[in-house]
Amino acid sequence: MKIYHLLLIFCFNISTQVSGQDQAPIIQDTVNITIASAEQRFIDKNLTLLINKYNIDIAKDNMLQARLWYNPNLNYSTTLYNVETHKFFNDYYPTSRFSDENIQIQQLLTLGGRYKATWKLAEVGIKQAKYQLADILRNLKYELHTDISDLYYNQQLISIYSSEEEAIKHMLDVTKELYKNGNASGNAVLQLQTQLQDAVALEITSRQSVINDEQDLKILLQYPKNTHFSVKELPMPVTELRKLPAYQAVMDSAEKNRPDLLLSYTGSEYAIKNLKLQRATAMPDLIVGALYSGVNASAAAYTGIYGDMDIPVFNRNQWNIQAAKHQIKQAEASDTLSLSIVRNQVTSAYMTMILINKQLSQIDALYGQDYSNSLDEMMHNAVTNYESRNINLLTLLSLLSTYIDGKTNLLSLQVQYFNAVKNVNLNTGIELIK
C-alpha cells in the first residue's frame with residue numbers, strides 16, 4: 001500500500017510538471033451549487049427529461065390519429081383507347097351506342113365497436129408515457145442528489161486531508177529541527193514523511209472522485225465543460241426518530257405513488273382493452289358504396305348501391321383473442337411481481353434509514369452536537385503538546401489517526417443518512433421526507 005501511494009504521488013507530480021510546461025491552465029467557472037438550485041436547473045435543462053416529454057406528445061398524437069375515421073374511396077374509370085373511333089380518352093362507342101364511364105364511391109365501416117376500442121387502447125399509451133417520464137424523473141433526481149452528496153463528501157475529505165497535510169508538514173519541520181539537535185531519531189522523520197504521503201494519496205483519490213461527480217452533474221444540469229462545482233453544505237433532513245414517518249405510511253405512499261408500479265398496472269389495463277379490441281376485430285368490416293355506369297346500348301344509365309363484407313367462416317380472430325387473454329394473465333402476474341419488488345425495496349430503504357438515524361442519534365447522545373469541534377480541539381492540543389515535547393511521536397500519530405477516523409466516519413455517516421433519506425423518497429415516489 002505504501003508503494004502504491006508513493007507511485008500515485010510520483011505520477012501526480014510528473015503530470016503536474018508536464019501540464020504546467022506544455023499546456024495552458026484550464027480556466028474554470030466555479031458554481032456554488034445547492035440542492036434547491038440544482039433541482040430547479042435539472043427540471044429546466046435536463047435533456048433526458050426533455051427527450052422523454054416528447055413521448056407524451058407522441059402518445060397523444062397517436063390517440064388522436066386513432067380517432068380519425070377512414071377516408072372514403074372514390075373510383076372513376078373510362079376508356080383509354082377507343083378501338084371504334086381510334087381515339088384516346090373517347091368513351092363513346094358509335095356501333096353499340098354505349099358510353100364507357102363508371103363512377104364509384106365507397107366507405108369502410110368498422111363494426112362491433114372496433115373504432116372505439118382502437119382509440120381507447122391508444123389512450124393507455126398516454127398514461128404509460130406519463131408514468132415512464134415520472135419514473136425517469138424520480139431516478140434522475142435521486143442520481144442528482146447522490147452526486148451532490150458524494151461531491152460534498154469528497155470536497156470535505158479534501159479539506160480534512162489538506163488540514164492533515166499542513167499539520168504534518170509543520171510537525172515534520174519541528175521534528176527535523178529536533179533531529180538536527182539530536183533530540184529526535186531519523187525514524188521519526190521517516191514516519192512523518194510516510195504519514196504525509198498517505199494523506200496526499202488519499203487527497204488525490206478524493207480529487208479524482210470530485211472530477212467524476214462533476215462530470216455527471218454537468219450532464220445532468222447541462223453546464224459547460226469548464227464548470228467547477230462547490231458544495232458548501234449538505235442540508236440534513238429530519239433526524240429525530242419520532243418525527244420520521246411510520247413504516248406503514250411509507251409503504252402506503254409507495255403503493256399509491258410509485259410511477260414504475262403504476263406503469264406496471266397500466267400494462268394490465270392495456271391487456272384488458274386489447275382483449276376488447278381483438279373481440280371487436282372478430283366482426284368483419286363493412287364496405288358500403290354507390291356507383292354509376294354510363295349510358296349503354298339500351299340508352300339507360302345504371303345507378304346502384306352495394307355492400308361488401310367478409311364472411312367469418314375460417315378466421316374469426318380467435319387466436320388473437322386467446323393470446324389477448326393470456327396477456328391479461330401475464331400482466332396480472334407482472335403486477336404481483338412489481339408490487340412485491342416495491343414492498344421489499346421500501347422495507348430495505350426504510351430499515352437502512354432507521355439504522356443510520358439511530359447511529360447518528362447515539363453519537364449526539366454520547367458526544368453531543370460539538371463532536372466535530374472536539375476532534376479539532378484534540379488535534380490542535382496534540383500538535384501543541386508535541387511541539388512542547390509533552391507527548392512523543394507515537395502518541396501524536398495515534399491522536400492524528402483518531403482525528404482522521406473520527407472526522408471521516410462522522411462525515412460518512414452524515415452523507416449516508418442524507419442518501420438513505422433520499423432513497424426512501426425514491427422508493428415512495430414522492431418527497432415524503434424533507
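For the numbers below, each heavy atom of this structure counts, side chains included, while hydrogens, waters and symmetry mates do not.
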Check: Which residue pairs pass the side chain to side chain donor-acceptor pair (under 3.5 Å) test with at least one member in residues 252-273, sequence neighbours excluded?
Finding: Lys127-Glu269, Arg138-Asp260, Gln248-Asp252, Ser253-Asn257, Glu255-Arg343, Arg258-Asp260, Arg258-Gln345, Arg258-Asn427, Ser264-Asp335, Ser264-Ser338, Ser268-Asp335, Glu269-Lys273
Checklist line | Among Asn139, Asp216, Leu217, Ile35, the one residue meeting side chain to side chain contact (heavy atoms under 4.5 Å, CB included) with Leu144 | finding: Leu217
Margin query: Using modelled atom types and a 3.5 Å cut-off, is there a donor and acceptor pairing between side-chain atoms of Thr227 and backbone atoms of Tyr223?
Written below: no
All N/O donor-acceptor pairs, side-chain side in residues 110-117, below 3.5 Å, sequence neighbours left out:
residue : atom : partner : partner atom : Å
Arg114  : NE   : Asp285  : OD1          : 3.4
Arg114  : NH2  : Asp285  : OD1          : 2.7
Arg114  : NH2  : Asp285  : OD2          : 2.7
Tyr115  : OH   : Arg67   : O            : 2.4

Checklist line | Reported CZ-to-NZ distance for the pair Phe229 and Lys218, which is rounded to 0.5 angstrom | finding: 6.5 Å
Item checked: Close side-chain approach of Tyr153 and Val231, heavy atoms under 4.5 Å -> no
Margin query: Among residues at least two apart in sequence or on other chains, which ones pass side-chain hydrogen bond (donor to acceptor under 3.5 Å, both in side chains) with Tyr403?
Written below: Asp376
Checklist line | Option among Thr205, Asn154, Asp150 that satisfies the side chain to side chain contact (heavy atoms under 4.5 Å, CB included) test with Val210 | finding: Asn154
Notebook entry, point to check: Does the pair Lys329/Glu332 count as a salt bridge with the N-to-O cut at 4.0 Å?
Noted result: no
Notebook entry, point to check: Among Asn46, Ile51, Asn52, which one satisfies side chain to side chain contact (heavy atoms under 4.5 Å, CB included) with Ile136?
Noted result: Asn52
Margin query: Any side-chain to backbone donor/acceptor pair from Ser163 onto Ser159? Under 3.5 Å, distance only.
Written below: yes
Next item on the list: Step by step, work out the side chain to side chain contact (heavy atoms under 4.5 Å, CB included) result for Ile103 and Asn75.
Entry: CA-CA 6 Å; Ile103 301 175; Asn75 179 274; over 6 Å; no
